[in-house]
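Reading through the structure tokens given below for one structure.
The chains referred to below are lettered A, B, ... by the order of the sequence lines, with proteins before strands, and numbering in each begins at 1.
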Amino acid sequence: MVLYDKKGEIRYLNKLTDDIYHLGIKCPEISKRCHPGQFVMIRVSENYDPLLRRPFSILRTISEEGIIEIIFKVVGKGTKILSEKRRGDVLDVLGPLGRGFNFSDRSKNYILIGGGIGFPPLFFMIDFLKNEKKDIIFYYGAKRKEEIFFKMELQKICAKLVLTTEDGSSGEKGLISDVFSKDLDAGILESDSEVFSCGPNPMLKVISSICERCDLKLQVSLENMMACGTGLCQGCAVKIKNSKDDFEYKLVCKDGPVFDSNIILWEG
Amino acid sequence: MVLYDKKGEIRYLNKLTDDIYHLGIKCPEISKRCHPGQFVMIRVSENYDPLLRRPFSILRTISEEGIIEIIFKVVGKGTKILSEKRRGDVLDVLGPLGRGFNFSDRSKNYILIGGGIGFPPLFFMIDFLKNEKKDIIFYYGAKRKEEIFFKMELQKICAKLVLTTEDGSSGEKGLISDVFSKDLDAGILESDSEVFSCGPNPMLKVISSICERCDLKLQVSLENMMACGTGLCQGCAVKIKNSKDDFEYKLVCKDGPVFDSNIILWEG
Amino acid sequence: MVDMSVKIGNVIFKNPVLTASGTFGYGDEISSLIDINLLGGIVTKSITYNPRKGNPPPRIAETTAGMLNSIGLANIGVKRFLDEKIRLYESFDARVIVSVAGETIKEYCKVVECIEKKDNIDGYEINISCPNTDRGGIYFGIDKKMSGNLVTELKKLTARLLIVKLTPNVTSISEIAEAVEDAGADCVSLVNSFIGMAVDVKTRKPKIKKIIGGLTGPCIKPLALAKVHEVYSKVKIPVIGIGGIVTGDDALEFLMAGASAVEVGTASFFNPYAPIKIVEEIKSYLEENNMKKVSEVVGIIIVS
Amino acid sequence: MVDMSVKIGNVIFKNPVLTASGTFGYGDEISSLIDINLLGGIVTKSITYNPRKGNPPPRIAETTAGMLNSIGLANIGVKRFLDEKIRLYESFDARVIVSVAGETIKEYCKVVECIEKKDNIDGYEINISCPNTDRGGIYFGIDKKMSGNLVTELKKLTARLLIVKLTPNVTSISEIAEAVEDAGADCVSLVNSFIGMAVDVKTRKPKIKKIIGGLTGPCIKPLALAKVHEVYSKVKIPVIGIGGIVTGDDALEFLMAGASAVEVGTASFFNPYAPIKIVEEIKSYLEENNMKKVSEVVGIIIVS
Ligand SMILES: Cc1cc2nc3c(=O)[nH]c(=O)nc-3n(C[C@H](O)[C@H](O)[C@H](O)COP(=O)(O)OP(=O)(O)OC[C@H]3O[C@@H](n4cnc5c(N)ncnc54)[C@H](O)[C@@H]3O)c2cc1C
Ligand SMILES: Cc1cc2nc3c(=O)[nH]c(=O)nc-3n(C[C@H](O)[C@H](O)[C@H](O)COP(=O)(O)OP(=O)(O)OC[C@H]3O[C@@H](n4cnc5c(N)ncnc54)[C@H](O)[C@@H]3O)c2cc1C
Ligand SMILES: Cc1cc2nc3c(=O)[nH]c(=O)nc-3n(C[C@H](O)[C@H](O)[C@H](O)COP(=O)(O)O)c2cc1C
Ligand SMILES: Cc1cc2nc3c(=O)[nH]c(=O)nc-3n(C[C@H](O)[C@H](O)[C@H](O)COP(=O)(O)O)c2cc1C
Ligand code: FES
Ligand code: FES
């Protein structure tokens with residue numbers, strides 16, 4: 001796998017909400033070679049606090065300009081420092097990392113389910129497939145209206161866009177997984193569909209059991225704590241069912257972050 | 001002693017040379033109560049690397065505006081971070097700290113000797129005494145022309161300004177201590193003078209032995225590694241002669257940073 | 001209202017936050033800056049029988065997220081301490097714990113005997129763990145028998161709260177904790193500093209004159225926490241947690257891992273308000289989580 | 001031209017920088033990113049006789065200037081290692097040291113016996129110091145007799161370079177170092193990780209599933225350096241320094257304190273180029289200081 005660790009210059013850093021930012025970094029080598037579902041590890045500080053790089057999914061690449069984009073939410077000190085950077089600042093960017101979504105089964109319809117800040121890889125996927133004339137149904141759940149991004153683009157590309165917000169400020173009020181489940185039960189969705197989902201692990205677990213119940217193939221993108229992103233540290237292990245009654249650990253950073261959900265041993 | 005730990009807003013941060021900066025911070029409480037020779041401890045980062053505050057001498061206060069000024073040189077990671085701050089950023093500033101110069105013996109003539117970035121406390125002193133109509137002789141040594149600051153102000157206030165640079169780009173070429181020593185030997189300086197000096201410790205040691213030889217009273221401002229600046233850690237100890245053959249340790253941050261040089265047991 | 005008080009031995013602290021020995025002087029250094037009475041207590045600089053000048057400089061060096069020190073127990077000796085400092089404590093509402101150090105059992109005993117004659121002192125923290133003297137303290141701290149003997153002797157001299165401060169520089173800290181518990185200690189506090197070193201590659205000199213020093217600050221927090229958790233699971237007496245505590249969350253980590261109270265050291269150097277802010281932050285946490293007493297968080301980590 | 005090579009036992013490393021066990025996989029993970037042949041050598045992930053799945057997640061947590069890990073010696077076992085990985089090393093110009101772990105002397109011996117049959121391996125690093133297994137390794141590392149016995153047995157099986165990797169979680173690391181030296185070890189490497197812990201105060205759970213983990217990274221550098229200096233002053237065999245090394249200056253601190261070579265661990269996670277950059281930076285330092293050989297800096301700290 002080809003990998004780059006490059007100094008990427010910040011081209012834009014826009015504040016989308018109170019705590020969510022849209023970042024564009026000039027990284028031609030990485031930009032050229034990304035697949036939806038892959039991620040980068042970004043070092044936010046030259047000092048040792050915080051020490052480790054932070055993983056972020058690629059939102060989109062603008063390969064003509066050599067730019068990669070991410071959307072990130074400020075949740076702790078690393079993302080806080082990142083949000084305080086300026087245009088022209090330079091970041092260490094390692095990528096492209098991991099194995100992204102598998103689109104080999106193109107006979108199926110695609111259903112995408114994104115929760116909150118787990119949305120970027122799905123956006124990349126849509127952007128990636130936009131010339132394929134595939135009917136994509138997009139379920140998009142957020143906390144509130146302001147946290148729904150690229151609505152116009154999504155509406156343009158997707159055959160159907162289903163929105164939910166936790167406070168009801170846009171789309172249906174409630175959780176996206178509930179709406180998805182209801183739609184399935186109501187028979188609105190084609191049964192030969194393949195589902196792709198990103199979001200917090202508890203949401204993925206719920207989606208996973210819904211898909212299992214309805215016998216739908218599901219690919220999920222997991223978010224584990226990571227130290228290296230490259231398979232060196234073995235820190236990002238996830239429990240995977242083995243052929244027998246046994247299990248093994250796979251690495252989210254290298255074997256994933258996208259996995260077929262039916263091989264995951266969900267815990268917690 | 002009254003002490004403040006305040007959030008001070010950066011009002012200006014000007015680059016004077018490649019690696020020397022002039023910083024103005026709004027800190028009304030501290031600004032009102034500073035004496036020449038005192039210093040502040042500034043925390044340059046909210047994170048723990050670097051961990052400790054950095055000590056900086058006060059260059060001048062603009063008390064009407066509640067501002068304190070420092071001049072600092074980038075020598076390591078703390079000063080580097082400080083140099084990357086912007087107008088409007090807020091710093092934790094602890095001060096005023098330490099005991100400054102003692103001007104009680106006003107019968108004497110004052111000779112000031114500043115080396116490199118040790119110059120700020122002397123500038124404060126001149127500013128402080130400017131209405132006193134005292135004849136001040138200022139010896140000012142720097143690496144090169146660009147590192148001589150406030151030359152105009154100094155010329156205006158001081159009875160005599162002697163400049164040296166290591167590369168000869170301004171004033172005499174050489175070390176300021178050599179010129180001072182020469183002038184003493186040549187008898188140009190009044191013998192009932194009191195000397196005040198700031199700069200790197202090796203320079204102070206040289207000045208000290210010159211003054212001892214010529215029986216001049218000398219106050220020096222020392223720069224030791226400091227953790228707290230307030231007497232809590234006992235880290236900044238300096239060896240001081242005791243009445244007998246004995247010695248004791250005093251704290252540069254609390255008992256100094258200004259000491260009568262004849263009580264210091266110079267080492268190294 | 002949350003009850004922030006903790007009882008350790010026969011002493012009630014109004015909250016579980018104390019200042020650590022050697023990092024807060026005798027309590028008068030920055031009293032113009034912070035109100036000590038908002039704290040549970042202070043632990044004084046370690047007092048020896050005779051005054052000690054301390055070690056030659058450089059005594060401190062910054063390291064990544066921490067610092068090394070080799071102060072060498074610089075202190076004014078018990079006599080001057082009683083003459084000059086103890087009257088300060090009359091007006092204190094916070095508890096005052098005197099840290100005691102020595103090179104021999106006899107020296108520790110002499111210091112305690114002197115202080116016993118005075119009021120205004122709530123207890124002792126016996127420092128058997130200072131890494132910065134050529135003899136003494138540290139040797140007790142790594143030997144369970146000597147540590148036990150020392151405590152046995154001290155117990156004969158005082159009915160006041162007796163805390164023993166342990167060194168982390170041992171294979172098994174709980175072994176030492178158990179020994180001092182058996183000998184009658186009311187409480188153990190840990191950790192003192194870790195032995196560390198730094199070299200200035202430009203001058204090729206160790207950054208600390210005495211080559212090695214004690215490492216403290218945020219960098220040691222995970223190490224200290226593991227030791228506190230280990231000791232908590234082995235002894236019945238209360239444990240005071242020390243090491244790298246800067247924020248309320250840091251303190252809560254220690255409380256949750258089993259500490260009944262905490263001491264704040266290095267943080268006071270770069271943030272004099274840290275101890276007081278920690279008190280406030282613990283209180284907010286308890287309120288937000290509908291807890292009535294700080295003791296409810298002690299040892300509540302969920303292990304599965 | 002500066003001579004960067006170091007000889008340890010019967011092996012010449014082209015420079016004194018190796019990657020640390022468990023932080024660089026088997027050497028093939030990021031070979032597309034960095035040229036391993038610029039390094040003195042690599043130490044593989046620790047190999048046990050049977051494959052090990054490793055510990056349940058969460059296995060890692062970030063701490064201030066460091067990280068905790070509880071990987072639990074996850075590895076593919078010696079058989080798969082020989083089948084799948086060893087041929088990689090044919091093309092390597094850097095030295096390859098296999099890290100060996102086990103729960104009993106017999107297991108260590110079995111692993112070494114298997115590997116002895118293959119070429120392309122320059123030596124062994126015997127990991128008697130992993131804090132993340134319920135049994136095994138760490139128990140050797142805190143007991144000088146068991147450590148000595150293990151080395152005696154291993155020496156019978158191989159003429160290759162035998163490095164013993166020590167744990168810092170002991171009262172006297174030099175005692176263990178002396179024991180393995182006496183038993184015939186060619187070299188000691190230190191330190192392995194320090195036992196640490198962290199708690200998530202929101203969930204009240206330890207951040208590591210197995211509660212405690214091994215602390216590594218810049219935060220431990222001063223501690224590691226003190227241990228290296230201590231061991232260097234007590235043994236005659238070469239010492240390899242490990243712990244928090246990120247830059248050339250960090251490495252030089254260890255060399256100056258007595259290490260003949262260094263291993264770089266956690267740094268590779270956040271800066272894959274770190275090991276190579278360290279080689280370059282050491283070289284520049286030597287050039288600037290007119291030194292001809294890297295061995296000239298070993299142990300040169302000025303103590304007054
Ligand atoms: C493959 C992958 C892709 C990701 N993509 C995105 C993205 O596109 N946009 C985005 O905003 N975030 C993304 N994340 C999550 C992002 O990496 C974390 O939010 C970030 O590392 C937090 O750093 P911090 O220093 O701000 O928080 P910290 O101060 O380190 O932690 C703050 C809180 O966040 C939690 N946290 C920290 N790291 C992670 C993590 N890796 N996963 C889950 N929780 C964590 C901590 O437990 C803690 O409660 C992704 C994570 C992974 C593994
Ligand atoms: C009372 C006092 C007043 C001072 N006033 C000024 C001032 O007005 N302007 C100014 O530019 N500097 C002043 N200094 C020095 C200044 O504090 C240091 O340059 C600064 O702390 C270095 O921080 P750093 O993180 O950039 O360097 P670090 O990365 O910490 O160190 C870089 C190098 O600088 C040396 N160094 C670090 N701290 C000190 C120190 N306290 N004294 C001497 N050398 C040190 C280190 O040994 C190292 O070699 C003063 C120091 C003291 C004690
Ligand atoms: C400068 C300094 C001096 C210290 N002096 C003492 C002392 O005299 N007695 C003692 O028991 N501990 C002493 N300590 C150790 C602290 O009390 C505390 O155990 C240690 O610093 C760890 O806590 P921290 O990480 O919060 O600083 C000292 C620590 C520092 C940094
Ligand atoms: C994730 C991780 C896994 C490790 N696995 C091993 C191992 O399998 N065997 C071993 O001897 N040391 C192992 N170590 C310890 C390192 O080799 C090294 O001794 C330690 O990390 C200190 O160096 P550092 O601070 O440069 O990381 C591991 C360290 C980390 C961080
Ligand atoms: S994050 Fe290091 S192996 Fe996955
Ligand atoms: S710097 Fe702490 S006592 Fe002077």
Less than 4.0 angstrom from a charged side-chain N to a carboxylate O is my criterion; do A:Lys77 and D:Glu62 meet it?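 Judged by the 4.0 Å cut-off on N to carboxylate O distance, A:Lys77 and D:Glu62 do not form a salt bridge.
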Taking every non-hydrogen pair under 4.5 Å, which of [options] racks up the most with chain A?
| options | result |
| --- | --- |
| D:Gly66, D:Pro58, D:Gly217, D:Ala61 | D:Gly66 |
| D:Pro56, D:Gly54, D:Ala267, D:Ser31 | D:Pro56 |
| D:Gly25, D:Ala74, D:Cys219, D:Ala65 | D:Ala65 |

Rounded to the nearest 0.5 Å, what's the gap from [atom1] on [X] to [atom2] on [Y]? Could you check?
| X | Y | atom1 | atom2 | result |
| --- | --- | --- | --- | --- |
| D:Phe270 | A:Cys233 | CZ | SG | 13.0 Å |
| A:Leu52 | D:Thr63 | CG | OG1 | 8.5 Å |
| A:Cys228 | D:Ile60 | SG | CD1 | 7.5 Å |
| D:Lys53 | A:Asn242 | NZ | CG | 7.0 Å |

Given side chain to side chain contact (heavy atoms under 4.5 Å, CB included), test D:Thr64 with A:Tyr48 step by step and report yes or no. CA-CA 8 Å; D:Thr64 303; A:Tyr48 300 147; over 6 Å; no
Measure distances from D:Thr266 to the heavy atoms of chain A and classify the residue's part below 4.5 Å as side chain, backbone, both or neither.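 The side chain, not the backbone.
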Report which part of D:Ser268 has an atom under 4.5 Å of a heavy atom belonging to chain A: side chain, backbone, both, or neither.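 Looking at D:Ser268, backbone and side chain both touch chain A.
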Are the side chain of D:Arg59 and the backbone of A:Gln234 linked by a donor-acceptor contact shorter than 3.5 Å?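 Yes; at least one donor-acceptor contact below 3.5 Å.
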Quick check: are there more than 12 heavy atoms from other residues, nucleotides or ligands sitting under 6.0 Å from [atom1] of [X]?
| X | atom1 | result |
| --- | --- | --- |
| D:Lys277 | NZ | no |
| A:Lys239 | NZ | yes |
| A:Arg99 | CZ | no |
| A:Glu212 | CD | no |
| A:Lys241 | NZ | yes |
| A:Arg144 | CZ | yes |

Compare all side-chain heavy atoms of D:Phe269 with those of A:Thr230 and state whether any distance is below 4.5 angstrom.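 A side-chain contact is absent here, since even the closest heavy-atom pair is not under 4.5 Å.
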Can you say whether [X] sits under 4.5 Å from chain D via the side chain, the backbone, both, or neither, judging by heavy atoms?
| X | result |
| --- | --- |
| A:Met41 | neither |
| A:Phe247 | both |
| A:Arg53 | both |
| A:Asp5 | both |

For chain D, which of A:Gly235, A:Pro50, A:Gly229, A:Cys236 has the most heavy-atom pairs under 4.5 Å?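 Answer, by heavy-atom pair count under 4.5 Å with chain D: A:Gly235.
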Going through the distances and angles, do A:Leu232 and D:Thr23 end up as a side chain to side chain contact (heavy atoms under 4.5 Å, CB included)? CA-CA 6 Å; A:Leu232 292 180; D:Thr23 66; over 6 Å; no
On a heavy-atom basis, which atom in D:Pro57 and which in A:Ala237 lie closest, and how many Å separate them?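 Here D:Pro57 and A:Ala237 meet closest at CG-O, 3.4 Å.
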Any idea which heavy atoms bring A:Ala227 and D:Met67 closest together, and the distance?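 For A:Ala227 and D:Met67, the tightest heavy-atom pair comes out as CB-CE, 3.8 Å.
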List the steps and the verdict of side chain to side chain contact (heavy atoms under 4.5 Å, CB included) for A:Leu3 and D:Ile30. CA-CA 8 Å; A:Leu3 211 60; D:Ile30 57 166; 4.2 Å; yes
